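Everything numeric in this text was worked out from a predicted model, so none of it was measured. Sequence lines set the chain letters: A, B, ... in the order given, protein chains first and strands last, and positions in each chain run from 1. Computation of the quantities below employed the complete heavy-atom set of this structure, encompassing side-chain atoms and omitting hydrogens, waters and symmetry-equivalent molecules.
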Amino acid sequence: MTPYSPAAIEPKWQDIWAEGQIFTANRSADKPKYYVLEMFPYPSGRIHIGHVRNYTMGDVIARYKLATGHNVLHPMGWDAFGMPAENAAMASGGHPKDWTYQNIADMRAQMKPLGLSIDWTREFATCDPEYYGQQQALFIDFLSKGLIYRKKAVVNWDPVDMTVLANEQVIDGKGWRSGADVERRELVQWFFKISDYSEELLSAIDGLDNWPAKVKLMQANWIGKSRGLQFAFDRTDGGQIEVYTTRPDTLLGASFVGISPDHPLAKELEAKDAKVAAFCAECRKGGTTAEAIEKAEKLGLDTGLTVKHPMAGQPDLPVYIANFILMDYGTGAIFGCPAHDQRDFDFATKYGLPIIATFLPDADAPNDLATAYVPPKTEKVFYTKGFAGGAWQTGEQAVDAAIAHCEAHAIGQGVTKFRLRDWGLSRQRYWGCPIPIVHCDTCGAVPEKKENLPIELPYDVTFDVPGNPLDRHPTWRNCACPACGAPALRETDTMDTFVDSSWYFARFTAPHAPTPTNMDDAAYWMNVDQYIGGIEHAILHLLYSRFFARAMQITGHLPDTAIEPFNALFTQGMVTHEIYMTRDTAGRPVYHFPQDVKNGKLADGTVVEVIPSAKMSKSKKNVVDPDDILAQYGADTARWFVLSDSPPERDVEWTASGADATYKHLARVYRIASEIAAAPDATGTGDDDLLRAMHRCIHDVTMGLETFGFNAAIAKLYAFTNVLGKSTATAATKRQAALVLAQLMSPMTPHLAEDIWASLGGAGLIATAPWPVADPAMLVSDTVTLPVQINGKRRTEIVVAADASAQTVETAVLALDLVQKALDGASVKKLIVVPGRIVNIVI
RNA sequence: GCCGAUGUGGCGGAAUGGUAGACGCAGGGGAUUCAAAAUCCCCCGGUGGUAACAUCGUGUGGGUUCGAGUCCCUCCAUCGGCACCA
């Protein structure tokens with residue numbers, strides 16, 4: 001008997017699968033299609049164990065669906081544009097393209113030994129001109145349908161490096177390379193009109209039945225629908241300031257008007273007042289993220305202007321420029337009600353503005369607030385300065401009443417606004433999809449002709465100076481205007497990499513089509529039946545993809561059945577690991593790789609401090625290299641381990657002892673199967689028990705795979721293996737059970753399963769063998785053991801016929817000595833018999 | 001602060017409102033062996049008891065129910081996510 005040797009069997013079966021092309025997807029009318037997709041990786045250069053878990057989950061689904069008679073599409077590609085390639089080029093002098101394609105080759109070489117059932121014929125990288133050329137075609141089509149437009153928007157500007165910075169390149173408000181204070185600067189940029197679809201993207205969330213509720217909630221909050229009042233304050237010196245508020249019921253508590261430093265009025269004042277200009281410049285320091293703006297100290301400047309309160313008899317209000325007001329949301333101007341908004345309260349306290357409550361918890365509550373009073377809008381409060389509706393009403397009712405009042409008195413209009421902003425896609429970087437636009441002195445910004453696509457990135461660029469190499473390329477920009485033919489200049493901005501990942505799932509249905517998609521293929525394969533990835537993509541990637549599917553439908557690139565591209569979404573947890581730490585002589589932490597720690601000690605005997613399991617990170621050195629794991633244990637062990645122990649949506653802790661135990665278990669299965677294969681035909685006992693356990697296992701594992709209960713399915717397989725290992729059944733029955741065990745394991749441990757299948761004489765490949773079906777008759781037994789409770793506490797159990805009537809069970813239970821003793825002559829108040837489940841006697 | 005999730009043995013976790021702790025890890029005992037590795041068998045929530053068994057036990061305190069880890073409410077803790085969003 002040969003021992004279990006993954007190094008021998010895994011490559012062997014991978015070669016056989018590849019030769020048989022069994023994972024190559026072709027359209028077929030005979031079978032239902034099933035499209036399973038894992039979020040494609042960024043080619044950083046090394047796969048990590050988190051990738052292994054992600055792809056293994058997808059692979060289990062793909063293999064299970066293949067075995068259950070589906071025509072499966074399971075592709076893989078590379079999200080290959082992005083900053084790390086440019087950073088690497090800057091750091092080491094290489095080229096982003098070479099770096100990226102080398103990384104792809106390395107990672108593909110790491111992934112192939114995992115034995116994933118991927119159709120590699122569909123592989124592409126988003127940096128392939130064939131892919132991004134079609135993306136440029138999409139851009140042109142979107143532009144023609146008004147789905148893309150240009151406007152000014154702020155970017156992070158590094159004044160020393162003279163370059164645009166991404167948010168992640170801004171560290172504590174400073175440029176990551178130069179260390180200079182980052183400024184906000186306006187550039188003209190391209191935008192997707194995703195905000196036109198706010199209502200649609202929000203309401204369609206309801207139909208996403210197989211998405212995690214958490215993700216749906218996060219998307220809904222991100223889109224952020226609100227109802228409020230829009231109206232204009234009249235300036236006492238003429239002109240108006242338009243404001244939007246979600247709390248019009250607090251209008252009588254207004255004590256100032258605030259405008260954004262980017263508000264047109266602020267810019268007007270800036271031009272003629274040095275003090276305002278200096279203040280606005282101060283406000284523009286720091287990054288563009290909401291977080292950076294939030295963390296900045298709240299600053300205000302009294303403009304000296306005043307506005308009239310729209311309600312009669314109210315005092316005029318001062319106008320402040322304030323750094324916490326965003327030009328992007330609402331109208332870029334607010335009225336401040338310090339009594340009912342903590343931020344306004346802080347501002348009013350700082351600048352000595354009045355604090356006027358409009359409602360209180362009850363009629364005789366004190367009216368001097370020490371902090372803003374902000375109850376939930378659903379709470380009923382007492383309005384001391386209400387102007388619509390009753391004195392006692394909820395915030396919601398008061399808001400509705402206030403809007404109705406203001407509309408009736410021509411003060412303003414009720415409007416619905418969304419938090420969702422348009423998606424800026426311009427990036428001032430080299431390693432991305434060029435925006436196919438030509439700038440002509442006479443014709444303006446003109447889309448490139450489709451026959452000129454792809455507009456390829458030039459290879460001859462350098463990264464020795466900051467900024468976008470496309471800007472300083474000697475010839476690449478020069479071209480003819482697509483409209484008039486005159487000499488013109490190409491746009492040098494490239495697209496946000498989220499664009500690349502917003503339609504790759506559609507491209508997989510026809511990866512080499514001469515158009516973005518092939519409608520026949522898209523109609524056949526879309527939607528993605530099961531999408532699997534990390535929770536970190538819950539908002540942006542998934543929302544952008546939902547928008548793209550709609551835009552592609554409008555431009556004729558997807559059927560209207562595909563506007564929600566992901567039928568089911570699963571967000572898997574991370575793989576974590578303990579952290580091993582010692583301290584150097586200065587007391588600073590020093591981290592150690594898991595392979596350098598044995599029994600809590602380093603090789604030199606130093607005891608390490610063990611920090612509880614956390615997300616793997618290179619700096620904490622709590623990482624395991626999939627290459628090492630595969631070399632030590634093989635792919636099947638890695639696959640089995642990352643699925644066992646923890647539910648897939650939760651984090652799983654990688655432990656060396658767990659991996660050892662997994663390997664031992666697989667070796668045991670292999671040994672048991674080998675013994676069965678080698679055993680002569682012989683009679684035995686307990687066939688029925690083994691077959692019943694087998695059918696029970698088929699049922700349980702199938703249920704587990706259907707519901708992402710991988711860890712539970714694996715537990716059932718352990719239990720069945722124990723039964724099989726101890727069984728004394730006839731050789732033929734054991735053989736049958738071992739074949740089924742191999743099948744049930746095959747989605748998780750495909751190589752081991754194939755090998756067992758072959759040694760036991762299974763027909764063909766296990767990968768394509770039909771999934772076993774549990775016989776319902778074998779799932780029920782003749783007798784059943786019922787727990788007997790007295791007053792809800794389990795006291796004993798009783799064995800009765802499975803089909804015994806409630807009456808029979810009652811009689812049997814009441815006859816029990818223990819029950820009679822407990823009764824002690826008293827009468828039974830109530831007797832509950834749940835057939836097949838439990839008996840409860842209430843005394 | 002708001003929103004969301006989670007809380008079960010030494011550990012990871014299991015449990016359509018129906019015997020809490022499946023399965024695995026760690027631990028203990030035994031078999032096999034000259035010995036070890038590997039393998040196999042048994043035990044393994046707390047307390048009391050030789051045992052049978054009793055009793056307590058799913059973050060806290062209540063509630064619904066014949067019956068609650070599961071449903072409802074309060075609080076606590078941990079972990080995520082988010083916002084100067086007007």
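Between Ile259(A) atom CD1 and rC85(B) atom C1' the separation is 18 Å, expressed in whole Å. Going from atom CD of Gln219(A) over to atom C1' of rC82(B) covers 14 Å, rounded to whole Å.
Among the heavy atoms of the strands, none lies under 4.0 Å from Asn791(A).
Residue order along RNA chain B, read from the 5' end via each residue's closest nucleotide, puts Arg794(A) first among Arg794(A) and Ile841(A).
Because its NZ or CZ atom is not both nearer than 6.0 Å to the ring centre of Phe359(A) and within 45° of the ring axis, Lys385(A) does not count as a cation-pi partner of that residue.
The side chain of Met218(A) lies closest to rG81(B), out of rU19(B), rA86(B), rG81(B). Considering only the side chain of Ser657(A), rA26(B) comes nearest among rG67(B), rG4(B), rA26(B). Between rA54(B), rU19(B), rA14(B), one nucleotide has an atom nearer to the side chain of Arg795(A) than all others, and that is rA54(B). Taking the side chain of Ile334(A) as heavy atoms from C-beta on, and the options rG4(B), rA86(B), rA83(B), the nearest nucleotide is rA86(B). Proximity note for Pro787(A) (side chain, C-beta onward) versus rU39(B), rU19(B), rG13(B): the nearest is rU19(B). The nucleotide whose nearest atom lies closest to any side-chain atom of Ile838(A) is, among rC3(B), rU19(B), rU16(B), rU19(B).
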Check the interface with nucleotides 41-48 of chain B: list each N/O to N/O pair with the protein under 3.5 Å, or write none.
none

For nucleotides 28-31 of chain B, list the nitrogen or oxygen atoms of the protein found under 3.5 Å from its nitrogen or oxygen atoms, one pair per line.
none

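Judged by distance alone, with hydrogens and angles left aside, Arg837(A) brings no side-chain donor or acceptor close enough to the base of rU19(B) to form a pair under 3.5 Å.
Within the 4.5 Å cutoff, no side-chain heavy atoms of Arg794(A) are placed close to those of Val788(A).
Taking the P atom of each, rU74(B) and rU55(B) are spaced 34 Å apart, rounded to whole Å.
The main-chain N or O of Lys716(A) is never found under 3.5 Å from a side-chain atom of Asp700(A) such that the two would form a donor-acceptor pair.
Annotation: ring-ring contact (aromatic ring centres under 6.0 Å, His included) contacts of Phe570(A) (sequence neighbours excluded): Phe708(A). Applying the ring-ring contact (aromatic ring centres under 6.0 Å, His included) rule to Phe191(A) yields the partners Tyr149(A); only residues at least two apart in sequence or on another chain are considered.
In summary, the side chains of Arg650(A) and Asn711(A) do not present any donor paired with an acceptor at a separation below 3.5 Å, with no hydrogens or angles considered.
Atom CE of Met311(A) has more than 12 heavy atoms from other residues, nucleotides or ligands within 6.0 Å.
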Under the side chain to side chain contact (heavy atoms under 4.5 Å, CB included) rule, what do Phe256(A) and Leu317(A) come out as? Steps first, then yes or no, please. CA-CA 5 Å; Phe256(A) 68 96; Leu317(A) 305 173; 5.5 Å; no
Dot-bracket, 5' to 3', for RNA chain B please: Watson-Crick or G-U pairs under 3.5 Å, [ ] where pairs cross earlier ones, | where the partner sits on another strand, dots elsewhere. (((((((..(((.....[....))).(((((.......))))).((((....))))..(.(((..]....))).))))))))....
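Contacts between residues 696-716 of chain A and RNA chain B, defined by a heavy-atom separation below 4.0 Å, involve Asn711(A), Ala715(A), listed by number.
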